[in-house]
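Below is one structure, written out as structure tokens, with a few remarks after it.
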Protein chains: 2
Amino acid sequence: MNKGNYKCPLTQALGVIGGKWKPLIIYQLEKSKKRFGEIDTNIPGISRKVLTTQLNELVEDKLVERTAYAETPPRVEYSLTEKGKELIPILRSIAKWGNYLVQ
Amino acid sequence: MNKGNYKCPLTQALGVIGGKWKPLIIYQLEKSKKRFGEIDTNIPGISRKVLTTQLNELVEDKLVERTAYAETPPRVEYSLTEKGKELIPILRSIAKWGNYLVQ
DNA sequence: CGGGATCCTTAAAGATACTG
DNA sequence: CAGTATCTTTAAGGATCCCG
């Protein structure tokens, strides 16, 4: 049942920011662009494969921009797009609301 | 790895509202309390088992209140708590932000 | 250095049947 | 009417190895 793929904007949006690691990644990029390895070491517990996947999805959803430099060794930088930056205050309001859940 | 169970308030909150059906359930209860069967028929595609699970979690997280009446046949009503109602404008802002995702 | 490819584990979701 | 109980399916996440 429910073969149709329609999702309301809310469900879509929650899918985009709802991954286990995505909020953390977005927070990483809030203040400045960062390299892949930086994000990896700043988020304890995440594997590189998962980080890659999440970053790719964020790029595809236009929240994050990826810039690769043709150097050796390679350098890749990630930064928030305008759409991504718009999300920050919303995430803050969610976090504020969710504070009661944390002891 | 990552055995620790700490979650930031944001991750917690996203877990609470992030289920596939929870936003829809919350929207169902926005205007008025509703009975189990009402919610079930108003949300096409959801199974009663999943609806039960999601409602129980929402109750446990204090977003929804459950009231059972000792009648035959039984009647159970669900309504938003204050915490649940506080969430509505936040959900709206997320949906508004996520509109660009929908074609 | 920043990935991709592959395989594995687990939690969420779904289908179905039964019950106080 | 409003659920449980069971079983099956799916998808997210994770571990590990390989590569330009």
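Quick note on labels: first sequence line is chain A, next is B, and so on, each numbered from 1.
Side chain of Thr81(A) to backbone of Leu63(A): a donor-acceptor contact under 3.5 angstrom is found. Side-chain N or O atoms of Lys22(B) include none that pairs as donor or acceptor with a backbone N or O of Gln54(B) at under 3.5 Å. Proximity of a side-chain donor or acceptor of Trp97(B) to a complementary backbone N or O of Lys83(A) within less than 3.5 Å is detected.
In this structure, Ile46(B) places its CD1 atom 15 Å from P of dA2(D), rounding to the nearest Å. Between the NZ atom of Lys20(B) and the C1' atom of dG14(C) there is a distance of 9 Å, given to the nearest Å. Taking atom OH of residue Tyr69(B) and atom P of nucleotide dA2(D), one finds them 12 Å apart after rounding to whole Å. Spacing between atom CD of Glu71(B) and atom C1' of dG3(D) amounts to 16 Å, rounded to whole angstrom units. When rounded to the nearest whole Å, the span between CZ of Phe36(B) and C1' of dG20(C) equals 15 Å. Rounded to whole Å, atom P of dA12(C) lies 16 Å from atom CG of Leu14(A).
With respect to Glu77(B) and Lys33(B), a salt bridge is recorded, a charged nitrogen being found less than 4.0 Å from a carboxylate O. Ionic pairing of Glu82(A) and Lys62(A) is not present here: no N-O contact between side-chain nitrogen and carboxylate oxygen is shorter than 4.0 angstrom. The pair Glu30(A)-Lys85(A) fails the salt-bridge criterion, with no side-chain N (NZ, NE, NH1 or NH2) lying under 4.0 Å from an Asp/Glu carboxylate O.
Among all heavy-atom pairs drawn from Ala95(B) and Pro9(A), the shortest one is O-CB, 3.5 Å.
Counting any heavy atom pair closer than 4.0 Å across all strands shown, Tyr78(B) reaches sugar-phosphate atoms only and no base atom.
Looking only at side-chain heavy atoms (C-beta outward), Tyr69(B) and Val76(B) stay at 4.5 Å or farther from each other. In this structure, Gln28(A) and Ile43(A) have side chains that are in contact, with non-hydrogen atoms separated by less than 4.5 Å.
Note on Trp21(A): a side-chain N or O is less than 4.0 Å away from OP1 or OP2 of dG14(D). An OP1 or OP2 oxygen of dG2(C) is reached within less than 4.0 angstrom by no side-chain nitrogen or oxygen of Arg75(A).
The overall bend of the helix from dC1(C)-dG20(D) to dG20(C)-dC1(D), read as the angle between its terminal helix axes built from five base pairs each, is 50° when rounded to 10 degrees.
Listed in residue order, the members of residues 47-57 of chain B having a heavy atom less than 4.0 Å from DNA chain C are Arg48(B), Lys49(B), Val50(B), Gln54(B).
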